[in-house]
K.L.:
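Following this message is one structure expressed as structure tokens.
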There are 2 protein chains.
Amino acid sequence: MEDFMLLKNQLCFAVYETASEFNKLYSSTLQPYGLTYPQYLVLLALWEKDSVTVKELGKKLHLGTGTLTPMLTRMEANGWIRKERSKTDERRVYIFLQKKALNEKKAITKTVSNEIQSCNIGLEEYKQLMERLNQLHRKLKERER
Amino acid sequence: MEDFMLLKNQLCFAVYETASEFNKLYSSTLQPYGLTYPQYLVLLALWEKDSVTVKELGKKLHLGTGTLTPMLTRMEANGWIRKERSKTDERRVYIFLQKKALNEKKAITKTVSNEIQSCNIGLEEYKQLMERLNQLHRKLKERER
DNA sequence: ATAAATTAAATCGCCTACGATTTAATCTTA
DNA sequence: TAAGATTAAATCGTAGGCGATTTAATTTAT
């Protein structure tokens with residue numbers, strides 16, 4: 001039981017650490033573009049589906065407006081996106097990609113992809129880890145209720 | 001290759017999400033004690049080895065003084081730890097657990113343990129995930145150089 | 001039709017997190 | 001030993017991240 005506890009602590013720490021490693025790796029890779037890691041995640045979401053509300057974006061990224069609103073404001077100031085309040089329902093704010101984000105998509109994804117490639121993560125390893133993480137993720141989510 | 005670009009298939013996002021789930025789970029569990037998740041990690045480190053310098057603590061937790069110093073100040077204000085500047089080398093600041101942290105150790109670890117238990121994560125699942133995470137972690141670290 | 005409930009985004013306060021700089025102490029070395 | 005390099009912690013500025021509250025618009029139920 002004591003060992004199991006140790007293991008649990010190690011697991012949460014391992015996840016915490018790995019997330020922070022990813023953060024650093026992506027941050028330095030994205031720095032030349034003037035993007036942060038969370039901002040890149042926003043672009044990934046928008047490249048997949050453009051012109052969504054803040055709410056929808058938050059759902060996809062699991063982020064609330066307390067995080068998104070200021071971040072989107074910064075991204076707008078940097079010319080990545082545009083915010084536009086809906087005419088039909090003025091509560092909603094739609095997010096649109098700007099030209100810059102469309103033009104630089106190829107370059108950014110290529111750079112990131114190269115960087116990750118250089119970590120030599122095998123496809124099998126990748127898949128297994130994804131599977132395990134999603135499994136854990138599901139259990140953590142279930143727990144919440 | 002294309003669905004490799006999808007947000008939900010990105011390993012970095014899975015890690016990011018899982019870390020945030022852990023964070024939320026631990027945060028709500030620790031809230032009654034007036035502890036945050038990173039503060040709990042500090043206690044875990046100190047329960048393992050007390051009276052260490054800020055530097056050593058940072059090495060263990062992979063945190064710099066920009067994060068630690070204000071956090072330790074808060075933890076001192078809340079009675080968990082005590083900071084004491086070394087007499088022999090006044091550059092160093094040693095961190096000591098306070099009685100409160102020692103007295104509540106059992107209760108806190110028990111509560112956390114119970115909470116995590118309720119996620120029904122099997123031992124095998126644990127081990128595999130840890131193994132995969134450490135493997136990934138190693139590769140990310142290697143990449144840095 | 002209007003009061004009440006709901007919804008969406010913004011705002012607020014607090015706590016990480018990190019790179020860069022600053023301050024002060026200690027160590028090296030010329 | 002005095003100047004310069006190194007070290008440890010603190011400080012600063014910027015950017016998440018989150019729970020809670022606020023504001024304004026839209027729905028709903030009466």
Side-chain angles (χ1 to χ4, degrees), chain A residues 13 16-31 34-43 52-59 61-78 80-81 83-95 144, chain B residues 12-13 16-42 52-59 61-78 80-81 83-95 144:
Chain A
F13 189 63
Y16 169 84
E17 239 187 319
T18 308
S20 126
E21 284 303 325
F22 260 124
N23 201 323
K24 282 177 201 167
L25 176 59
Y26 276 81
S27 293
S28 64
T29 303
L30 293 164
Q31 202 203 329
L35 276 174
T36 67
Y37 177 43
Q39 287 173 12
Y40 167 74
L41 293 179
V42 166
L43 288 187
V52 292
T53 63
V54 174
K55 176 99 179 171
E56 287 175 276
L57 196 55
K59 196 170 178 184
L61 297 167
H62 304 281
L63 293 174
T65 63
T67 302
L68 274 179
T69 299
M71 194 166 129
L72 291 171
T73 302
R74 280 187 292 271
M75 290 182 77
E76 184 170 39
N78 292 331
W80 296 109
I81 57 139
K83 297 163 80 171
E84 193 179 311
R85 202 164 277 276
S86 163
K87 290 290 176 216
T88 60
D89 182 347
E90 296 203 4
R91 287 171 305 179
R92 297 173 208 253
V93 168
Y94 280 87
I95 308 298
E144 264 165 41
Chain B
C12 67
F13 188 61
Y16 169 85
E17 241 188 317
T18 309
S20 126
E21 284 302 325
F22 260 123
N23 201 322
K24 281 179 203 168
L25 177 58
Y26 275 82
S27 292
S28 64
T29 303
L30 293 164
Q31 203 204 329
Y33 297 98
L35 276 175
T36 67
Y37 178 42
Q39 287 173 10
Y40 168 74
L41 293 179
V42 167
V52 291
T53 64
V54 174
K55 176 99 177 169
E56 289 175 276
L57 197 53
K59 195 169 178 184
L61 297 168
H62 304 280
L63 293 173
T65 62
T67 303
L68 273 179
T69 300
M71 194 166 129
L72 292 171
T73 302
R74 279 187 290 274
M75 290 182 77
E76 184 170 40
N78 293 331
W80 295 108
I81 57 139
K83 297 163 80 171
E84 194 178 310
R85 202 165 278 274
S86 163
K87 290 289 176 214
T88 62
D89 182 347
E90 296 202 4
R91 288 172 304 181
R92 297 172 207 252
V93 169
Y94 281 86
I95 308 299
E144 264 166 43

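Just so we're on the same page: letters track the sequence lines, and every chain starts at 1.
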K.L.:
Which sits closer to the 5' end of DNA chain C, A/Thr67 or B/Ser86, going by the nucleotide each is nearest to?
P.N.:
A/Thr67

K.L.:
Quick one: does any side-chain atom of A/Thr73 pair with a main-chain N or O of A/Thr69 as donor and acceptor, under 3.5 Å?
P.N.:
yes

K.L.:
Remember a base hit wins even if backbone is also touched, and classify B/Gly66 as base, sugar-phosphate or nothing at under 4.0 Å, heavy atoms.
P.N.:
base

K.L.:
Name the closest nucleotide to the B/Thr53 side chain, picking from C/dT16, D/dA25, D/dA9.
P.N.:
D/dA9

K.L.:
Measure CD/A/Glu84 against P/C/dA8 and give the value in whole Å, please.
P.N.:
18 Å

K.L.:
For A/Tyr16 and for A/Arg91, locate the closest nucleotide of DNA chain C by heavy-atom distance; then report the residue assigned to the nucleotide nearer the 5' terminus.
P.N.:
A/Arg91

K.L.:
Once hydrogens and angles are ignored, does a donor-acceptor distance under 3.5 Å link the base of D/dA10 to the side chain of B/Thr65?
P.N.:
yes

K.L.:
Using a heavy-atom cut-off of under 4.0 Å over every strand shown, decide if B/Leu63 touches base, sugar-phosphate, or nothing.
P.N.:
sugar-phosphate

K.L.:
Measure from CD1 on B/Ile95 to C1' on D/dA10 and round the result to the nearest Å.
P.N.:
12 Å

K.L.:
Consider the side chain of B/Arg74, meaning its heavy atoms from C-beta on, and name the nucleotide among C/dA9, C/dT11, C/dC15 that approaches it most closely.
P.N.:
C/dC15

K.L.:
To the nearest 0.5 Å, what is the distance between CZ (A/Phe13) and OG1 (A/Thr18)?
P.N.:
9.5 Å

K.L.:
Students often mix this up, so state it plainly: with edges at 30° and 60°, are the rings of A/Tyr40 and A/Tyr37 parallel, tilted or perpendicular?
P.N.:
parallel

K.L.:
For B/Thr53 and B/Glu56, does a side-chain donor sit closer than 3.5 Å to a side-chain acceptor?
P.N.:
yes

K.L.:
Measure OH/A/Tyr37 against P/C/dC18 and give the value in whole Å, please.
P.N.:
13 Å

K.L.:
So does B/Lys24 get a side-chain nitrogen or oxygen closer than 4.0 Å to the phosphate oxygens (OP1/OP2) of D/dC18?
P.N.:
yes

K.L.:
If you check every side-chain atom of A/Glu90, which of C/dT16, D/dA9, D/dA25 has the closest atom?
P.N.:
D/dA25

K.L.:
In whole Å, what is the span from the OH atom of B/Tyr26 to the C1' atom of C/dT16?
P.N.:
18 Å

K.L.:
In whole Å, I'd like the distance from the NZ atom of B/Lys59 to the P atom of D/dA9.
P.N.:
13 Å

K.L.:
Rounded to whole Å, please give me the gap between CG in A/Asn23 and P in D/dG16.
P.N.:
10 Å

K.L.:
May I have the distance from B/Arg85 (atom CZ) to C/dT23 (atom C1'), rounded to whole angstrom?
P.N.:
10 Å

K.L.:
Choose from D/dA15, D/dT11, C/dT16 the nucleotide whose nearest atom is closest to any side-chain atom of B/Met71.
P.N.:
C/dT16

K.L.:
Using only side-chain N and O atoms of A/Ser20, determine if any of them is under 4.0 Å from OP1 or OP2 of C/dC18.
P.N.:
yes

K.L.:
Check whether any side-chain N or O of B/Arg85 sits under 3.5 Å from a backbone N or O of B/Glu90 as a donor-acceptor pair, and report yes or no.
P.N.:
yes

K.L.:
Within a strict 4.5 Å, meaning less than it, do heavy atoms of the A/Lys83 and A/Val54 side chains meet?
P.N.:
no

K.L.:
Compare the minimum distances between each of C/dA8, C/dT16, D/dG16 and the side chain of A/Pro38, then state the nucleotide with the smallest one.
P.N.:
D/dG16

K.L.:
Can you see if the side chain of B/Gln31 gets near the phosphate of D/dG19 - specifically, an N or O under 4.0 Å from OP1 or OP2?
P.N.:
no

K.L.:
OP1 or OP2 of C/dA10 less than 4.0 angstrom from a side-chain nitrogen or oxygen of A/Lys83, does that happen here?
P.N.:
yes

K.L.:
Mind checking B/Thr73 for me? I need base, sugar-phosphate or nothing, with any heavy atom below 4.0 Å counting as a touch.
P.N.:
nothing

K.L.:
Select from A/Asp89 and A/His62 the residue whose nearest nucleotide in DNA chain D is closer to the 5' end of that strand.
P.N.:
A/His62

K.L.:
Give a yes/no on whether any side-chain N or O of B/Thr36 is located under 4.0 angstrom from OP1 or OP2 of C/dT16.
P.N.:
yes

K.L.:
Report the distance from atom CG of A/Leu35 to atom C1' of D/dG16, rounded to the nearest whole Å.
P.N.:
14 Å

